[in-house]
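Throughout, protein chains are lettered first and strands after them, A, B, ... in sequence-line order, and every chain is numbered starting at 1.
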Number of protein chains: 2
Amino acid sequence: MQRRNNAMSKKLEQPTQTLKTPRGRRPNGNGLSSTTIMDVAREAGVSYATVSRVVNNKEYVKSDTRERVLKAITSLGYVVNQQARSLAGGRSYAVGLLVRDLGSSYMGEIVRGIDESLSAAQYNLMLYTTHRRKIKERIYVNNLIQGMTDGLLLVLPENLEAYLETLDQTNFPYVLIDHQGLDERTPVVITTNWQGGYDATRYLIELGHRRIGFLTGMMDMRSSQDRLSGYQAALRDHGLPADPQLVYEGTYYQPEGYAGAQSLLRLPEPPTAIFASNDVMAFGVMEAVRDAGLRIPSDISVIGFDDIAQASQVAPPLTTVAQPLEQLGREAVRMLLARINNPEQPIARTILPTTLIIRQSCDVPRNV
Amino acid sequence: MQRRNNAMSKKLEQPTQTLKTPRGRRPNGNGLSSTTIMDVAREAGVSYATVSRVVNNKEYVKSDTRERVLKAITSLGYVVNQQARSLAGGRSYAVGLLVRDLGSSYMGEIVRGIDESLSAAQYNLMLYTTHRRKIKERIYVNNLIQGMTDGLLLVLPENLEAYLETLDQTNFPYVLIDHQGLDERTPVVITTNWQGGYDATRYLIELGHRRIGFLTGMMDMRSSQDRLSGYQAALRDHGLPADPQLVYEGTYYQPEGYAGAQSLLRLPEPPTAIFASNDVMAFGVMEAVRDAGLRIPSDISVIGFDDIAQASQVAPPLTTVAQPLEQLGREAVRMLLARINNPEQPIARTILPTTLIIRQSCDVPRNV
DNA sequence: ATGAAAGCGCTAACAA
DNA sequence: TTGTTAGCGCTTTCAT
């Protein structure tokens, strides 16, 4: 090791009072000149490395030293400076969350799961909303992995191809939520969409329905395709024909539920039940049915998908396939933190079960 | 000026190859060893202070130097490290956003306004959701002002008393959204709730209604009180009695719209119109009215407040008082950034106008 | 107009 | 088990 300048000289040269504005640091903008690890060290009578050890729960600290440091921390109201910590090579204790939009209960519930788990782990959340502008996804992702966050959560990403490779190459931790990923090696948390579609359809068939209308979601989403396949499989398994006229292509928004139902009801041989690929469209269906002068469930049965909070509040309460949305968020965080804490962690795919929730919007068909 | 150690010696002593793991820094976790200001400086043949000047758009940089640096930045794909910047006394370029929940269109629209403005200003957003647990508000606020963010946005805070003083004392920039604040010196962005309540009521009166039911929001919120006052003032101004039986106390959730309407319709002398303090309750009202076998608007007129996206999508489309929610968010960001950029900025209160949106849920009363 | 250097608060390697 | 120190990448002052 070569000889370096003696750092001690710095301290010795220090005038008692700082006469000039110190270089670099501007005088903190807001008043609050926060307590640092140094203040704590002084208070506890230890070196500041020891304080760091205590703060980071490292081993090799005598328990009474730890005690003393902890006390100093409390009495001084010390809070670590995340930026410094992160700059020094530690964690940033923040994860990025990339979503399309926030106005729906669907997103609300997922985000609730995410931020509850995250705050339990003392992590911060950086939010990025793309508003469906695909370019933004890539820009955000590039910023995010630039040291700002320790990991990334992507809900229903639309432009994966543009950055998944970068993410994988740099081994940056991430988890997709409600998206199948590009292949089996992508870490994802998804639900049993096919089974949900199957279960709802079978339920209607078992009630006696023979003509069941189906409203799809956006068909470029794998989940939408799976729900449709589940519906078709249930029909097939019960020997019912798959009449393409009964399938209406929607995009998960309420007005399409209304329009879809209208279109199905105008069919020469209309369905006796309508299965909408999400609750929001089911609400549109309910309106259209009522506006057509029909009653739910006596004239027409309606079933949804998601089980958002509103589903139990409409009249009649909506029978639907519950997705464990909040759990989806919690599970994603669990997986992400596992990868952050251990980059060697093998990649997992978590599949959570959907559940048929029977309420009052379905009944046996009229003429049975 | 006292003589300091010659920093140049550092460089001269540097062995050609680093033989040991450098202290402090762990080898970056993920592969990506990002380009720094130093790399750019070397590439452009300037000192790294100059690069900093260029990046921060400071004056005193010859334009061809600037040119050269910019080119180096592009060719190297350099992105500033926010943590380092913030640690060195600059901005963190992040603002904190504290909300109750995210599942509603109300919040969705406000947040959209916020994050569009923020991303236009190259700011990041740290999200904190309280889920209505008041203790969390204070904890979050304390963390947030600890250097993590440059400012704070609070939507409908519930526990202001616990930290507003801290915020003011440290002169930390913040803006309240849709909340009146503790006094006139609190920076807020609000809407004309009283006027909105007045306008909607006057509209119904002018249609010929004499008995108008009113569903309040949570009465501990000033906005709810104002809407109610506006309603009462309109009645008074038009010589109508303020029958307390016609006022039902709700809490802004849909089931209370349903229950409230049921209760009003059961009155010996039921109203011919119902004014709900938000759209979500108005949807509940619409259901209850229909379930009572009445038609909208021929039997009963219904009017809401907020003008969330769904309001135009239900049948019949809901007449309502529009709040410029997205603009609320944009305006709050504008005010916040102004204060961040100039702490001397006088405190402003912004009041945005509500607008009556006439759709098809109101008509003249039956017996007129 | 540019460069030199201090130091923001912290983590982790190394020494003791 | 604890202390010492380098250095993370940057902003800003001072000197030139």
Side-chain angles (χ1 to χ4, degrees), chain A residues 1 4-8 10-11 13-14 18 20-28 33-41 44-56 58-66 69 78-92 146-147, chain B residues 1-2 4-11 13-14 18 20-28 33-41 44-56 58-66 69 78-92 146-147:
Chain A
M1 191 79 190
R4 296 291 171 104
N5 340 325
N6 178 3
M8 217 39 205
K10 236 193 239 174
K11 280 177 193 160
E13 285 168 10
Q14 203 64 259
T18 312
K20 303 190 169 190
T21 312
R23 292 190 176 184
R25 187 72 178 172
R26 84 161 171 220
N28 203 345
S33 180
S34 48
T35 41
T36 74
I37 206 174
M38 299 288 231
D39 302 320
V40 177
V46 296
S47 77
Y48 70 90
T50 301
V51 177
S52 172
R53 288 191 187 97
V54 171
V55 169
N56 293 289
K58 300 268 157 133
E59 45 197 353
Y60 302 131
V61 181
K62 239 198 316 188
S63 69
D64 76 313
T65 311
R66 185 181 297 273
V69 171
Y78 168 74
V79 179
V80 293
N81 179 321
Q82 291 295 1
Q83 349 257 359
R85 167 182 273 182
S86 147
L87 186 59
R91 303 273 177 73
S92 70
Q146 197 65 34
Chain B
M1 190 70 192
Q2 302 181 41
R4 296 291 171 102
N5 340 326
N6 179 3
M8 216 37 208
S9 62
K10 239 193 241 173
K11 279 175 194 164
E13 285 167 10
Q14 204 67 257
T18 312
K20 305 189 170 190
T21 312
R23 294 191 174 184
R25 186 70 176 172
R26 83 159 174 221
N28 205 347
S33 180
S34 47
T35 38
T36 74
I37 205 173
M38 300 289 230
D39 302 322
V40 177
V46 296
S47 76
Y48 67 91
T50 301
V51 178
S52 172
R53 289 190 188 98
V54 172
V55 169
N56 293 289
K58 301 267 156 134
E59 45 198 353
Y60 304 130
V61 181
K62 237 195 320 185
S63 67
D64 76 313
T65 311
R66 186 181 296 274
V69 171
Y78 168 75
V79 180
V80 293
N81 178 321
Q82 291 295 358
Q83 350 257 358
R85 168 182 272 183
S86 147
L87 187 59
R91 302 274 176 74
S92 71
Q146 199 65 32

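- Taking side-chain N and O atoms only, B:Ser47 has no distance below 4.0 Å to OP1 or OP2 of C:dA4.
- Relative to the side chain of B:Lys62, the nucleotides C:dG3, C:dA1, C:dC10 differ in distance, and C:dA1 lies closest.
- Contact of the A:Asn81 side chain with the A:Thr36 side chain is not registered, since no non-hydrogen atoms from C-beta on lie closer than 4.5 Å.
- In this structure, B:Asp39 atom CG and D:dC8 atom P are separated by 11 Å, rounded to whole Å.
- At the phosphate of D:dT12, OP1 or OP2 sits under 4.0 Å from a side-chain N or O atom of B:Lys58.
- Residue A:Val55 is classed as having no contact, given no heavy-atom separation below 4.0 Å to the nucleic acid.
- The nearest whole Å value for the distance from the CG atom in A:Leu87 to the C1' atom in D:dA6 is 13 Å.
- Regarding contacts with the backbone of C:dG9, every side-chain N or O of A:Arg85 stays at 4.0 angstrom or more from both OP1 and OP2.
- Following rounding to the nearest Å, A:Tyr60 (OH) and D:dT2 (C1') show an atom-to-atom distance of 13 Å.
- One can place CZ of A:Arg53 at 16 Å from C1' of C:dG9, the figure rounded to the nearest angstrom.
- Side-chain nitrogen and oxygen atoms of A:Thr50 include at least one within less than 4.0 Å of the OP1 or OP2 phosphate oxygen of D:dG3.
- Regarding B:Tyr48, its OH atom lies at a distance of 18 Å from the C1' atom of C:dA1, rounded to whole Å.
- Between A:Asn56 and the phosphate of C:dT11, there is a side-chain N or O to OP1/OP2 separation shorter than 4.0 Å.
- Put simply, CZ on B:Arg85 and CD on A:Gln83 are 12.0 Å apart, with the number rounded to the nearest 0.5 Å.
- Across the interface with DNA chain C, nearest-nucleotide mapping of B:Ala84 and A:Ser52 shows B:Ala84 to be the residue nearer the 5′ end.
- Distance check, rounded to the nearest 0.5 Å: CZ of A:Arg66 to CD of A:Glu59 gives 9.5 Å.
- Contact annotation: the side chain of A:Arg53 never approaches that of A:Val51 to less than 4.5 Å [non-hydrogen atoms, C-beta and beyond].
- Atom CD1 in A:Ile37 sits roughly 13 Å away from atom P in C:dC8 (whole-Å rounding).
- Nearest-nucleotide mapping onto DNA chain D: of B:Gln82 and A:Val46, the residue sitting toward the 5' end is A:Val46.
- Atom pair B:Gln83:CD and D:dC10:P shows a separation of 11 Å (rounding to whole Å applied).
- Using a 4.0 Å cut-off, some side-chain N or O of A:Thr65 falls inside it from OP1 or OP2 of D:dT2.
- The distance from atom CE of B:Met38 to atom C1' of D:dC8 is 11 Å, rounded to the nearest whole Å.
- At least one side-chain heavy atom of A:Tyr78 sits under 4.5 Å from a side-chain heavy atom of A:Val80.
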